[in-house]
2 protein chains.
Amino acid sequence: MTADTPTRRRGKALEQAIYQAVWDELQEVGFPKLTMEGIARRAGTSKPVLYRRWPNRKSLMIATIHHFLPGLRSLPDGGSLRADALAVLRILRERLLDVGRATILGILMESADDPRGDDELLSALVDYLKEFMEKSVFLRAVERGEIVPEQVTGRLLTLPLDLARIEFFITGDLPERSLEEIVDVAFLPALGLRPPHGTRTAG
Amino acid sequence: MTADTPTRRRGKALEQAIYQAVWDELQEVGFPKLTMEGIARRAGTSKPVLYRRWPNRKSLMIATIHHFLPGLRSLPDGGSLRADALAVLRILRERLLDVGRATILGILMESADDPRGDDELLSALVDYLKEFMEKSVFLRAVERGEIVPEQVTGRLLTLPLDLARIEFFITGDLPERSLEEIVDVAFLPALGLRPPHGTRTAG
DNA sequence: CCCTTAAGATACCGTGAGTATCTTATTGAT
DNA sequence: ATCAATAAGATACTCACGGTATCTTAAGGG
């Protein structure tokens with residue numbers, strides 16, 4: 001199995017290979033069939049090596065997701081609240097689809113008796129986007145005069161994110177049409193705004 | 001274990017006892033530690049009896065939830081769109097809390113490779129409430145003149161339910177405060193309505 | 001009263017998480 | 001260059017649990 005890799009990897013190099021193996025295995029067999037043995041096999045190593053680094057499967061999963069979904073740096077100004085909100089939602093979609101419904105549900109569920117790590121996963125996937133909604137999207141909208149600061153409430157901040165992720169959790173998908181509908185039918189109206197003319201709003 | 005029950009139960013009586021055992025076991029040990037052996041033990045029976053009735057654990061879980069959460073018959077008229085929407089959300093909360101976050105996530109996740117039964121679970125928990133939102137809540141609001149029929153769109157129909165259940169999925173709870181916030185800050189404004197004066201809207 | 005049905009007990013298989021143990025390659029220090 | 005400490009990799013194990021096969025025996029209907 002390692003005849004062509006006589007070099008025995010260590011430290012970071014090995015860790016990288018393991019993360020990659022988890023990721024590939026996830027894409028190939030999916031979360032329900034993901035096993036530590038499968039990961040070890042694909043990484044060209046063995047189970048004890050995995051358990052020396054991560055205490056259990058869940059930890060390894062979360063670490064892998066962190067590794068492949070680094071934090072976002074900045075969000076370009078889209079010129080309008082609508083454009084900025086859609087941009088954030090598209091980032092969310094990209095990340096959710098990258099990780100996959102089964103994986104997210106699986107990790108959340110595996111946390112039922114031990115929620116440690118949940119926060120980490122959710123923050124990697126969604127929470128930090130709330131920061132963007134507040135710091136970038138809403139702040140700019142206030143500066144533009146689209147909304148007033150009093151409208152920047154917690155519930156409205158996360159409304160588009162919440163609607164998007166529940167749709168993804170249930171259906172496993174998040175089409176562009178849904179994103180626009182969320183913004184134009186729910187988000188903007190809830191802020192007392194109307195989407196620009198010519199924007200189709202599904203009914 | 002069955003020394004005090006010399007009678008060997010059959011048919012419906014046995015089935016009832018099994019459902020009850022699943023329910024109790026769920027409350028006591030929680031979904032992650034729920035095992036078929038544990039269920040059988042608590043029901044005073046054995047695994048083969050379970051497998052003669054349900055092909056696998058997931059089926060038994062879904063059947064149990066159906067058994068304890070029968071469909072709703074009617075929703076009394078609360079006098080306003082706001083009151084009716086809150087009523088539906090409170091039903092949703094009751095059911096979600098009854099079943100529990102871990103159980104719902106667990107079943108959804110167990111479906112990742114075989115989604116059969118998902119629909120059943122989701123319909124027992126949420127989907128049929130959409131019917132109520134449409135047939136009762138919105139219809140009455142239209143009759144009262146609070147909204148116009150054109151506002152009865154799919155996305156807005158489920159908006160309160162979606163916001164409520166994502167909050168529950170993530171936090172495992174759904175306080176009354178959240179329900180009111182969902183209705184007053186998101187739902188009614190999205191419909192172009194304002195909550196009545198004196199209604200606190202969290203910020 | 002007997003015969004069919006199915007409950008309940010028990011033992012089993014397969015799989016996968018997690019661990020213990022041992023050998024050996026790698027690396028850094030001398 | 002050599003050697004000791006470290007950790008990789010292989011292997012074999014335990015344990016828990018889902019699911020099945022087999023057998024005995026109680027229930028209940030005719």
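The sequence lines fix the lettering, A, B, ..., with proteins before strands; numbering per chain opens at 1. Everything quoted here is computed from the prediction, not taken from an experiment.
The distance between the ring centers of B:F31 and B:W23 does not fall below 6.0 angstrom.
Remark: the A:S46 side chain and the D:dA10 base include a donor-acceptor N/O pair separated by less than 3.5 Å. Between the side chain of A:R52 and the base of D:dA8, at least one donor-acceptor pair of N or O atoms lies under 3.5 Å.
Here the side chain of B:R101 pairs no donor or acceptor atom with the backbone of B:D173 at under 3.5 angstrom.
For the pair A:M36 CE and D:dG9 P, the computed distance is 15 Å after rounding to whole Å. One atom, CZ of B:R41, and another, P of D:dG18, lie 11 Å apart when rounded to the nearest Å. Rounded to an integer number of Å, the gap from CH2 of B:W54 to P of D:dT20 is 15 Å. Between the P atom of D:dA7 and the CG atom of A:L50 lies a distance of 16 Å, rounded to the nearest Å. Note: CD (A:E15) to C1' (D:dA8) measures 14 Å, nearest angstrom. As rounded to whole Å, 11 Å separates atom P of D:dG19 from atom NZ of B:K58. Spacing between atom CE of B:M61 and atom P of D:dG19 amounts to 12 Å, rounded to whole angstrom units. D:dG19 atom C1' lies 13 Å from atom CG of B:L60, rounded to whole Å.
Here D:dA12 is the nucleotide among C:dG16, D:dA12, C:dT26 with the atom lying nearest to any side-chain atom of A:K47. Distances from the side chain of A:R8 to the nucleotides C:dA7, C:dA17, D:dA7 place D:dA7 closest. Out of C:dG8, D:dG9, D:dG19, the shortest distance to the side chain of B:V49 is found at C:dG8. Checked against C:dT26, D:dT20, D:dA8, the side chain of B:P48 finds its nearest nucleotide in D:dT20.
A salt bridge links B:R42 and B:E28; the closest N-O separation between the charged side-chain nitrogens and carboxylate oxygens is under 4.0 Å. For the pair A:R144 and A:D84, the salt-bridge criterion is met [side-chain N within less than 4.0 Å of a carboxylate O]. Under a 4.0 Å N-O distance rule, the pair B:K130/B:D162 does not qualify as a salt bridge. Contact check on A:R41 versus A:E25 returns no salt bridge, with no Lys/Arg side-chain nitrogen under 4.0 Å from an Asp/Glu carboxylate oxygen. Ionic pairing of B:D184 and B:R194 is not present here: no N-O contact between side-chain nitrogen and carboxylate oxygen is shorter than 4.0 angstrom.
Residue contacts shown for B:L34 are limited to sugar-phosphate atoms, with no base heavy atom under 4.0 Å away.
Look at B:Y51 and you'll find a side-chain N or O under 4.0 angstrom from OP1 or OP2 of D:dG19. In this structure, A:T45 does not reach the D:dA8 phosphate: none of its side-chain N or O atoms is under 4.0 Å from OP1 or OP2. For the OP1/OP2 pair of C:dG8 and a distance below 4.0 Å, the side-chain nitrogens and oxygens of B:R9 include at least one atom meeting the criterion.
Both B:R10 and B:L14 lie near DNA chain C, and the one whose nearest nucleotide falls closer to the 5' end is B:R10. Place B:E37 and B:G11 on DNA chain C by their nearest nucleotides, and B:G11 ends up nearer the 5' end.
Rounded to 10°, the helix from C:dC1-D:dG30 to C:dT30-D:dA1 has 10° between the axis fitted to its first five pairs and the one fitted to its last five.
Between atom CZ of residue B:R95 and atom CZ of residue B:F68 there is a gap of 13.0 Å, rounded to the nearest 0.5 Å.
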